[in-house]
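Naming convention: chains lettered A, B, ... in sequence-line order (proteins, then strands); numbering from 1 in each chain. Worth saying up front: this structure is predicted, and the values here are computed from it rather than measured.
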Amino acid sequence: MSALRTSLSRHWYAWAMVVPVTLVLGVLVLYPLVRGVYISFTDLDESNQRTEICTKTLGGDETCEPNPDRYTFIGLDNYVNIVTGDEFWLLFTNTLVWTVSCVTFHFVIGMGLAVLLNREIRGRSIYRMLLIVPWAVPAFVSAFAWKFMFNEQNGLFNAALTAIGLEPVSWFADRWTSMLTAILTNVWLGVPFMMIALLGGLQSISNDLYEAAELDGAGAWQRFRNVTLPGLQPVSMTVVLLGTIWTFNMFPIIYLVTDGQPAGQTEILVTGAFKAAFEGIRDYSEAAAYGVLILSMLVVFASIYRRVLRRQGEVW
Amino acid sequence: MRRALTALAATTSLAVALSACGGDDTSGSNDQASNPEDVSGELTFWDTSDATNEAPAFKELIKRFEGEYPDVDVTLQSVPFAEAQNKFKTAAEADEGAPDILRAEVAWVPEFASLGYLYALDGTAALEDADDFFETPMSSNEFDGKTYGVPQVTDSLALLYNKQLFEKAGINEPPTTWDEVASAADQLEKVGADGIYLNPAGYFLLPFMYGEGGDLVDTDAQEIVVNSDANVAGVSTAVELIENGAAPKPPANDAYASMMTSFTEGKVGMIINGPWEVANIGNAADFGGLDNLGIAPVPGGSEAAGAPVGGHNYVVYSGMDESKADAALAFVQFMSSAESQAFLAEELGLLPTRTSAYEIDSVASNPVVSAFKPVVDAAVARPWIPEGGQFFAPLDQMAVETMVQGAAPKAALDKVATTYKSDVVPDYSTN
C-alpha cells in the first residue's frame, strides 16, 4: 500500500500522462470489444433490441408499449449454430484459400519486383512510381474496373478469349473461377505494398555481403538464397503477418468484385459477418459471434507465428 | 482559467439552446396549414428512382412544389434502389442521417413500420383522399391497423419486346405462354437475336411461379409454400428456356445490367421487366425510341398468367422533428396528387395509383400507361407482412443456383423453405 503511495507521489506525472491514452483506448477498443463479445452471447437482432415499441402518429400522439420479445442471454447458442452449420465451413475454406493464395502471390511477385528494381536499370524511378499506382488508386475504383473486365458479356477478358478463338468463360458462374477474379484483383492491389516494404529491406542489406559472396564464387541464385533471403527475413516476417491479417479481413474486394456470387459460394468470413449484420434480417448477435471467431482465429495465428519466429531466434 | 470559463459558458448556453429546441411544443402541427406560404421547413427526400433517367422528373416536381410552398426547402438525395432499404434502416436505427421522407418499395413499408421507423399518417392531410387510391397499392401501407404511407406509383412485371425484331422475325402477336416464348425465340434466332433474357433473381421468377398457381407463403394458413410442386414446375420452365437456348445463359453477377444492355442494344428480343425501365429504354441510343417498345402481359404457365404487384410509397421517418410535420404532409400530398402522378406518367411512363389521375387526358392517352394498365390490374398481390422484404435474398440465391449453375429446382426451393423457416417466418409451418 505504501509502495503504491510512494509510486503515486513520485511518478504521478507518469500516471497522469498514461491516463488519456488509457481512456481513449478504453473507449475506442476495450468497450466495443467487450460489448461485441457480450452481444455474441445474446439473440439480439433488429426487431428485439428496443425496450419499448412506439407508434407515432404525425401531428398526433405517441403510444409506447414494452417490447414483449426483448433479446435475452442465450449463452453459446450462436457459436454452436455457426460451427455446426454448413455455411461457416464454406466461408472458412474460402477465407483460407483466399488468404493463402493472396499472400503467397503478393509476397512472391512483390519480392521479384523488388529484386528487379533494386539494381541499376534505366528509368528505375519511373518503374517504381508506376508500380505503386495500384496502391494509390482507391480500392473500390480498381475493384469495379476489374469487375467490368470480367463481365461475361462485355468484359475485356472474354473479348480477348473470343478474339483468339477460345470459348468465353462464365467467370462468376463457378465458385473457383469467381474466386479467381477476386484473387487476381487483390493481387494487383496488394503487390505494391509488399514490393515497397521488401525494397526497403533489400536496401538495408550491405553490399559488402554480396561482394564477399561473389569473391567466394557464389552464383546469382546462391547469392539470392544465402544473402538476400536471410537479410530480408525480419522485414518479410512482419509484412507476411500484416498481409495475412489484412487479407483475412479484406472486405471490399470480395464484396465489390464477386458479391459472393455464385449464390454465396465466394463469401469469406468478414463478408459473411457483414451480411448477417446488415442484410436481410439484421442478426447482430450472429454477426458478433462471427467477429469473435475471426478475432480468435487471428489471435491464434499470430501467437503461433510469433512462437515459430522466436524458435528461429528472431527477436520480435 | 479564463478559457475554461468561456468554454463552460459556451456549453451552458448550448445546453440551454438544445433544451429549448427539445421542449419546443408540437401543438402547431395539428391544425392544417391553410396557406402554403405559412408552411416552412427544410426536408430531405430520399429518391430511390433511377438517378439518370427518372430522378430529373422528380426534381422538376420538387421545383414546382417549392414554387407553391416558397418557405419549404426540399433536398432530393438519389439513393440507389438496391441499397436504400439497408441504408435507411442503418440511419433510422442510429437516429442519424435518415431522410425526413423516403420513397419506399411497397414491401418495405410494413417492415419499417413494425420496427417503429415510420410515422403513422392516419387522420392527416396526406390521407385525405385515401378513397381515391387503388386498393392494392394502398393496402401495402397498412400495418397493425394504421396507415404508414401514401402510394407514389404502382407497377408490375410485363413482357417487353422489340417491335422491329419481332417484325423481322415474322412474329405478329406477342407470346402469351412460355411455350410460345420458346417458339418466338426460335424465330428470333433466325434473324440473329437471342429470344428472351431472363434475370436470375427471385422477383423476376415470380411470374413463372404464379403461372403455375404457386406463391411464396400462405399468410392465412401461416404456411411456407415456396417449395410447392407448382413452384418447382414454374422454376423448371425458366430453367428449360435457358437450357433449350430460348434464353441466353445469364451471368451470376450483374445480370440485371446485362439484361438491360442486351435489350437496349437489340441483341435480345424480349425481357421481363417493369415500367420503371421505360424511360431508360426510350432514351437508349440504339433501341429506336419508345415507338419500338412493345408491352404485353407476362406469358402464362399452365394455370394462369400473373406478375407481382410492385410500386413505391411515400413514407415519413419517425425521427423527423414534429415541427416539420406541416411541410412533410404538404410535400407528400403534393407529390401524390393526381396532377403530379399524371406528370410522372407523361414523363416516365410510371403508373398512377389513384383513379382520378387516369381521368386526366395526358394519362388516358399515354400508350405506355394504357399498355401497362391491364398488367397492373391483373397483378398478384404480395403478402404485406413485415417479413415481406426478406423473402428475396434466399430466392435470389435459388435463382442463381438453378438458372446459372443448373441445380435441381426442387432441392434449391427446399433450401429456400428451410431458410424461410429458420430466418424469415419461424412461426409458419412448412409443407
Asks: Does B:Gln405 use its side chain to pair, donor to acceptor, with the backbone of A:Ala173 at less than 3.5 Å?
Replies: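 Answer holds: yes.
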Asks: Chain A heavy atoms under 4.5 Å from B:Met320: which part of the residue, side chain, backbone, both or neither?
Replies: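 Only the side chain of B:Met320 comes within 4.5 Å of chain A.
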Asks: Return the option, out of B:Val316, B:Thr261, B:Leu115, B:Val404, with the maximum number of heavy-atom pairs under 4.5 Å with chain A.
Replies: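 Between B:Val316, B:Thr261, B:Leu115, B:Val404, the count favours B:Leu115.
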Asks: Of the backbone (N, CA, C, O) and the side chain (C-beta and beyond), which part of B:Tyr117 lies under 4.5 Å from a heavy atom of chain A, both, or neither?
Replies: side chain
Asks: Could you grab the distance from atom CD of A:Glu286 to atom CG of B:Asp423, nearest 0.5 Å is fine?
Replies: 7.5 Å
Asks: Would one find more than 12 heavy atoms of other residues, nucleotides or ligands at under 6.0 Å from atom CG of A:Asp86?
Replies: no
Asks: Locate the shortest heavy-atom distance separating A:Ala263 from B:Gln397; write the atom from each residue and the value.
Replies: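 Minimum heavy-atom contact is O-NE2, 3.1 Å.
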Asks: Tell me, yes or no, whether the heavy-atom count around B:Glu265 atom CD, taken from other residues, nucleotides or ligands under 6.0 Å, exceeds 12.
Replies: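 Enclosed.
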Asks: Is the count of non-hydrogen atoms from other residues, nucleotides or ligands lying under 6.0 Å from A:Trp176 atom CH2 greater than 12?
Replies: yes
Asks: If you check every heavy atom in residues 145-164 of chain A against those of chain B, which residues fall under 4.5 Å?
Replies: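 So far as heavy atoms go, A:Lys147, A:Asn151, A:Glu152, A:Gln153, A:Asn154 are the residues that approach chain B to under 4.5 Å.
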Asks: Would you say CZ of A:Phe105 has more than 12 non-hydrogen atoms from neighbouring residues, nucleotides or ligands within 6.0 angstrom?
Replies: no
Asks: Test A:Gln261 against every option in B:Asp254, B:Asp396, B:Val400 by the side-chain contact (heavy atoms from CB on, under 4.5 Å) rule and name the one that passes.
Replies: B:Val400
Asks: Step through the shown structure and confirm whether more than 12 heavy atoms of other residues, nucleotides or ligands are within 6.0 Å of CZ on A:Phe140.
Replies: no
Asks: Over all heavy atoms of both residues, which pair between B:Asn253 and A:Val257 is shortest? Give the atoms and the distance, please.
Replies: ND2-O, 2.8 Å
Asks: So which part of B:Phe391 gets closer than 4.5 Å to some heavy atom of chain A, the side chain, the backbone, both or neither?
Replies: neither
